[in-house]
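Numbered from 1 within each chain, the chains take letters A, B, ... in sequence-line order.
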Protein chains: 2
Amino acid sequence: MSSGKRKVDQVDPRDVPKAVVSRLSLYLRELRRLVRSGKATISSSQLGRLLGLTDAQVRKDLAYFGHFGHPGIGYRCDELVAAIRRILGTDLGWTVAVIGVGNLGRALLGYEGFAAQGFRIVAAFDVDRARVGKAVDGVTIYGLEQLADVVRERQIRLGMLTVPAAAAQSAADQLVAAGIVGIVNFSPVTLSLPEEVSLVAVDLATELEQISFAVANRNATR
Amino acid sequence: MSSGKRKVDQVDPRDVPKAVVSRLSLYLRELRRLVRSGKATISSSQLGRLLGLTDAQVRKDLAYFGHFGHPGIGYRCDELVAAIRRILGTDLGWTVAVIGVGNLGRALLGYEGFAAQGFRIVAAFDVDRARVGKAVDGVTIYGLEQLADVVRERQIRLGMLTVPAAAAQSAADQLVAAGIVGIVNFSPVTLSLPEEVSLVAVDLATELEQISFAVANRNATR
DNA sequence: TACTGTGAAACGGTTCACAGCC
DNA sequence: GGCTGTGAACCGTTTCACAGTA
């Protein structure tokens, strides 16, 4: 507590609802677009309309983290972009590894959306010797046995897992042992990880199943 | 109401919480694995432990749709697989198109997890003339202008959208015009669609941002 | 006037705890 | 004894409505 009356109105980030955090990503994406299109300020109701949310929700979400708005004006787009990036931690710059260089892994290596958001893929890993040593989109592919070394040397902090289901838990264990702090799991398995490692799971088949359910149940009660 | 006292204890599927439906996919995935490994029955608490959920949650979720369990026994794995497939509608067999054959689109065309869950990708579309006419993983690539015709002929019902952000809304509009009933959107834009078309959005950068937030806020209040 | 920030109310989902059943 | 199905209590999130501010 060095000096001044630093107002502590922020909440402990750990008890912010998960839904709020994922909307933050949406706000960020839309705000960047607005900045690019030259818009200087935006109100909660305009932003909400663009994203299919209510104005109150937008304000409540942002208010978890501080006072970013200007009454009578709205939110300054560039200011809010900077604030959200800082909240999400994407201003820190993250190094990422891709584990599993199949179809999906290759797609991630070539995905342009990551760099702009502060994520740099610096290495890929695979068990297939035919792939090891090659590079895809400028990223070198290493053997899985080199994981620990490369993670240490290149200071890799996050991993994206795109290996076959049967190999996923073991690959995840290796990532954890190598000291990685967060994993996005694209393999269709439920991983069990120590709770100090963050996990987000994405299952492509599951996404289609959600659509299937919605469509199959569109009309009234069976 | 042909005969018998058909008990109507099911709830209108439209007011089942979304979270329940996405857990259904998890149950299904795990149950299939259990069936494959020869397990005949499973209790809600075992299934919950495998997925990181409570036993009560598993039972409540399933009870939205009927009485699938056997007191004293648990759930019969194969029975429950069939029930969930029917609930999700994946037993109906869906035809799917991929729009945008870039890195991610190609990965989807080669993704093996879809067929097993009842989804068949029967066509792909792209604006790039160099790609049109070719096939990827046995799926023919058509020009985007052929969308309406091919969707009709091949009776395509769902679409996966993997085009650049700038092209996404227009492509989505074309999908809707062609009569598609559900879209999984991988393009980093918020689409606006008529509400009779179902939508699931997956943003890869957003997933990494969730991890970033979790890791950056792992420790106590700043 | 136009807008934010926020308590309070309303809503919806999860957990609890137990009756009923095998 | 072991397990499901479920009403009731609990808890977290969303919506409402308005005081406060530029």
Side-chain angles (χ1 to χ4, degrees), chain A residues 7-27 31 34 39-80 83-84 87 210 213, chain B residues 7-27 31 34 39-80 83-84 87 210 213:
Chain A
K7 182 129 139 282
V8 182
D9 46 14
Q10 272 103 327
V11 134
D12 184 327
R14 285 166 306 181
D15 47 47
V16 171
K18 252 168 110 187
V20 171
V21 181
S22 73
R23 284 193 297 269
L24 241 36
S25 286
L26 290 189
Y27 300 151
L31 286 162
L34 290 165
K39 195 153 170 58
T41 68
I42 192 163
S43 68
S44 56
S45 61
Q46 287 176 303
L47 185 52
R49 195 160 344 101
L50 289 169
L51 298 170
L53 305 169
T54 66
D55 55 337
Q57 178 136 69
V58 172
R59 292 198 300 278
K60 257 271 147 92
D61 285 352
L62 296 173
Y64 272 100
F65 305 97
H67 298 227
F68 304 112
H70 305 276
I73 306 291
Y75 299 84
R76 274 194 253 288
C77 296
D78 53 0
E79 238 175 63
L80 195 49
I84 296 179
I87 294 165
Q210 303 308 297
F213 177 84
Chain B
K7 183 131 138 280
V8 182
D9 46 15
Q10 273 105 326
V11 133
D12 183 327
R14 285 166 305 180
D15 48 46
V16 171
K18 254 168 107 187
V20 171
V21 181
S22 72
R23 283 193 297 268
L24 241 37
S25 286
L26 290 188
Y27 301 151
L31 286 162
L34 290 164
K39 195 154 170 61
T41 67
I42 191 163
S43 68
S44 56
S45 60
Q46 289 176 302
L47 185 53
R49 197 161 340 102
L50 288 169
L51 299 170
L53 305 169
T54 66
D55 56 337
Q57 178 135 69
V58 172
R59 292 197 300 277
K60 257 269 146 96
D61 284 352
L62 296 173
Y64 272 101
F65 305 97
H67 298 228
F68 304 113
H70 305 276
I73 306 290
Y75 300 85
R76 274 196 251 288
C77 297
D78 53 359
E79 237 176 62
L80 195 49
I84 296 178
I87 294 164
Q210 304 308 298
F213 178 84

Roughly how far, to the nearest 0.5 Å, is [atom2] of [Y] from [atom1] of [X]?
| X | Y | atom1 | atom2 | answer |
| --- | --- | --- | --- | --- |
| A:Y27 | A:Y75 | OH | OH | 9.0 Å |
| A:L53 | A:L26 | CG | CG | 7.0 Å |
| A:E79 | A:I84 | CD | CD1 | 11.5 Å |

Closest non-hydrogen contact found for A:L34 with A:C77 is CB-SG, 4.3 Å
For a quick test of reading the model, state the closest non-hydrogen atom pair linking A:I87 to B:F213 and the distance between them.
O-CD1, 3.3 Å
When you check the phosphate oxygens OP1 and OP2 of C:dG5, does a side-chain N or O of A:Y75 lie under 4.0 Å from one of them?
yes
Rounded to whole angstrom units, what separation is found between the [atom1] atom of [X] and the [atom2] atom of [N]?
| X | N | atom1 | atom2 | answer |
| --- | --- | --- | --- | --- |
| B:L47 | D:dG5 | CG | P | 13 Å |
| B:R14 | C:dG12 | CZ | P | 15 Å |
| A:L62 | C:dC3 | CG | P | 16 Å |
| B:E79 | D:dT4 | CD | C1' | 13 Å |
| A:L53 | D:dC16 | CG | P | 14 Å |
| A:D15 | D:dC11 | CG | P | 15 Å |
| B:D12 | C:dG12 | CG | P | 14 Å |
| B:Q46 | D:dG2 | CD | P | 12 Å |

Go through the steps to decide whether B:L51 and B:V58 satisfy the test side-chain contact (heavy atoms from CB on, under 4.5 Å), and finish with yes or no.
CA-CA 10 Å; B:L51 299 170; B:V58 172; 5.9 Å; no
Please check if the side chain of A:Q57 supplies one atom and the backbone of A:T54 the other of a donor-acceptor pair under 3.5 Å.
no
When you measure from the side chain of B:P17, which nucleotide among C:dG5, D:dT4, C:dG13 comes out closest?
C:dG13
With the criterion being N/O to N/O and under 3.5 Å, what pairs connect the protein with nucleotides 15-17 of chain C, and how long is each?
residue: C:dT15; atom: O4; partner: B:K60; partner atom: NZ; Å: 3.1
residue: C:dA17; atom: N6; partner: B:R59; partner atom: NH2; Å: 3.4

Considering only residues two or more places apart or on different chains, which pairs with a residue in residues 48-62 of chain A satisfy salt bridge (Lys or Arg N to Asp or Glu O under 4.0 Å)?
A:R23-A:D61, A:D55-A:R59
How about A:Q210 and B:S22: does a side-chain donor come under 3.5 Å of a side-chain acceptor?
no
Can you tabulate the close N/O pairs, meaning under 3.5 Å, that link protein atoms to atoms of nucleotides 20-22 of chain C?
residue: C:dC22; atom: O4'; partner: B:P71; partner atom: O; Å: 3.2

Touch class at under 4.0 angstrom, heavy-atom based, for A:S44 against every strand present:
sugar-phosphate
